[in-house]
Amino acid sequence: MNKYYAIAYKLYTVCNGEKTFEEEAPANDPFIFITGFGTTIPGFEKHLEGLEEGQTFDFTLSKDEAYGEYYEERVIELDKSIFEINGRFDSVHIFVDAVVPLHNEDGNRFNGRVLAITEDKVRVDLNYPLAGKELNFVGEVVKCHEASNEEIQSLLNSLSGCGCHGGCGSCHGDCGGGGCSGDGCNGDCGK
């Protein structure tokens with residue numbers, strides 16, 4: 001059985017017993033997922049198993065249960081020329097700490113965080129931002145029920161890149177350059 005969850009939470013990273021706030025999914029805009037599809041960290045889903053609507057939680061995932069180790073070899077130098085538009089470096093979108101969408105020769109998409117920009121190189125970190133960290137989740141189950149066929153289909157659509165349907169509200173204004181119309185996304189929503 002696949003369960004539909006809407007979760008309100010605060011996420012903290014934990015280092016030497018000290019907690020640092022990272023992000024929040026409030027009750028009025030909860031994190032939504034359906035179990036069994038691999039769309040969440042497995043440890044996160046495991047800790048919520050059996051919880052019902054209104055129940056609270058407070059658990060910590062080790063780095064191995066979360067996003068794994070941080071690997072220095074995933075910090076790479078890219079030629080600055082790949083970030084050019086019409087022969088000029090795109091300084092509007094490419095700056096230190098910017099998260100930039102990239103793809104490899106096979107067309108696989110991923111994000112990288114810009115660490116430094118030199119005269120001819122851009123240093124990019126391809127590690128997941130929370131790699132190498134323990135994660136503490138504190139929150140509440142806002143909604144929980146057996147997932148309907150419609151909810152599952154909506155998830156499958158979003159996983160296949162067809163997640164923008166029903167207008168701009170469904171892609172949260174982030175239509176990846178394709179733009180929104182009243183009928184949905186005119187391009188790759190990325191959501």
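In this text the structure is predicted, and so the values were computed from the model without any measurement.
Atom CD1 of residue Ile117 and atom CG of residue Leu78 lie 11.5 Å apart, to the nearest 0.5 angstrom. Atom CG of Asp64 is separated from atom CD of Glu134 by 9.5 Å, given to the nearest 0.5 angstrom. With rounding to the nearest 0.5 Å, the separation of CD in Glu146 from OH in Tyr4 is 14.5 Å. To the nearest 0.5 Å, atoms CG (Asn111) and CG (Leu102) are separated by 7.0 Å. Interatomic distance, Lys10 NZ to Asp58 CG, rounded to the nearest 0.5 Å: 12.0 Å. Considering CD1 of Ile34 and CG of Leu156, their distance stands at 8.0 Å, rounded to 0.5 Å.
At a threshold of 4.5 Å between non-hydrogen side-chain atoms, the residues Leu155 and Asn2 do not count as touching.
Residues passing the side-chain hydrogen bond (donor to acceptor under 3.5 Å, both in side chains) test with Lys121 are Asp79, sequence neighbours excluded. Taking Tyr70 as the reference, nothing meets the ring-ring contact (aromatic ring centres under 6.0 Å, His included) condition, with sequence neighbours excluded.
Note: the hydrophobic cluster containing Val138 does not contain Leu48 (ILVMFWY, side chain heavy atoms under 4.5 Å, direct or indirect links). Tyr128 and Leu61 fall within the same hydrophobic cluster, defined by Ile, Leu, Val, Met, Phe, Trp and Tyr side-chain heavy atoms under 4.5 Å apart, directly or through other members. Under the 4.5 Å side-chain heavy-atom criterion for Ile, Leu, Val, Met, Phe, Trp and Tyr, Tyr12 and Tyr67 are members of distinct hydrophobic clusters. Ile41 and Ile32 fall into different hydrophobic clusters, defined by Ile, Leu, Val, Met, Phe, Trp and Tyr side-chain heavy atoms under 4.5 Å apart, directly or through other members.
Asn157 and Gln153 share a donor-acceptor pair across their side chains, judged by distance under 3.5 Å alone. In summary, the side chains of Glu151 and His145 do present a donor paired with an acceptor at a separation below 3.5 Å, with no hydrogens or angles considered.
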Could you go through residues 14-25 and list every donor-acceptor pair under 3.5 Å that involves a side-chain atom there, pairing it with any protein atom two or more places apart or in another chain?
unit_1 : atom_1 : unit_2 : atom_2 : d
Lys19  : NZ     : Asn136 : OD1    : 3.0
Glu22  : OE2    : Thr13  : OG1    : 3.0
Glu23  : OE2    : Tyr9   : OH     : 2.6

Under 3.5 Å, sequence neighbours excluded: what are the donor-acceptor pairs made by side chains of residues 84-101?
unit_1 : atom_1 : unit_2 : atom_2 : d
Asp90  : OD1    : Val92  : N      : 3.4
Asp90  : OD1    : His93  : N      : 3.2
Asp90  : OD1    : His93  : ND1    : 3.2
Asp90  : OD2    : His93  : ND1    : 3.0
Asp97  : OD1    : Arg113 : NH1    : 2.9

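Residue pairs satisfying the side chain to side chain donor-acceptor pair (under 3.5 Å) criterion with at least one member in residues 33-44, sequence neighbours excluded, are listed as follows: Thr40-Glu45.
With side-chain heavy atoms closer than 4.5 Å counting as contact, directly or through intermediates, Val142 stands alone and belongs to no larger hydrophobic cluster.
Using a cut-off of 4.0 Å between Lys/Arg side-chain N and Asp/Glu carboxylate O, Arg123 and Glu77 are scored as salt-bridged.
In plain terms, the two heavy atoms of Pro26 and Ala8 that are nearest each other are C-CB, 3.9 Å. Nearest heavy-atom pair, Glu69 versus Ala131, reported as atom, atom and distance to 0.1 Å: O-CB, 3.6 Å.
In this structure, Lys3 places its NZ atom where more than 12 heavy-atom neighbours from other residues, nucleotides or ligands lie under 6.0 Å away.
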I'd like to know whether Phe137 forms a side-chain contact (heavy atoms from CB on, under 4.5 Å) with Ile7, so could you lay out the CA-CA distance, the side-chain angles of the two residues, the decisive distance to 0.1 Å, and finally the verdict.
CA-CA 11 Å; Phe137 292 90; Ile7 305 295; over 6 Å; no
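Ring orientation note: the planes of Phe44 and Phe31 are nearly perpendicular, at an angle over 60° on the 30°/60° scale. Ring geometry, Tyr5 versus Phe33: the interplanar angle falls under 30°, so the pair is classed parallel (tilted spans 30 to 60°).
At least one donor-acceptor pair closer than 3.5 Å links the side chain of Asn104 to the backbone N or O of Asp106.
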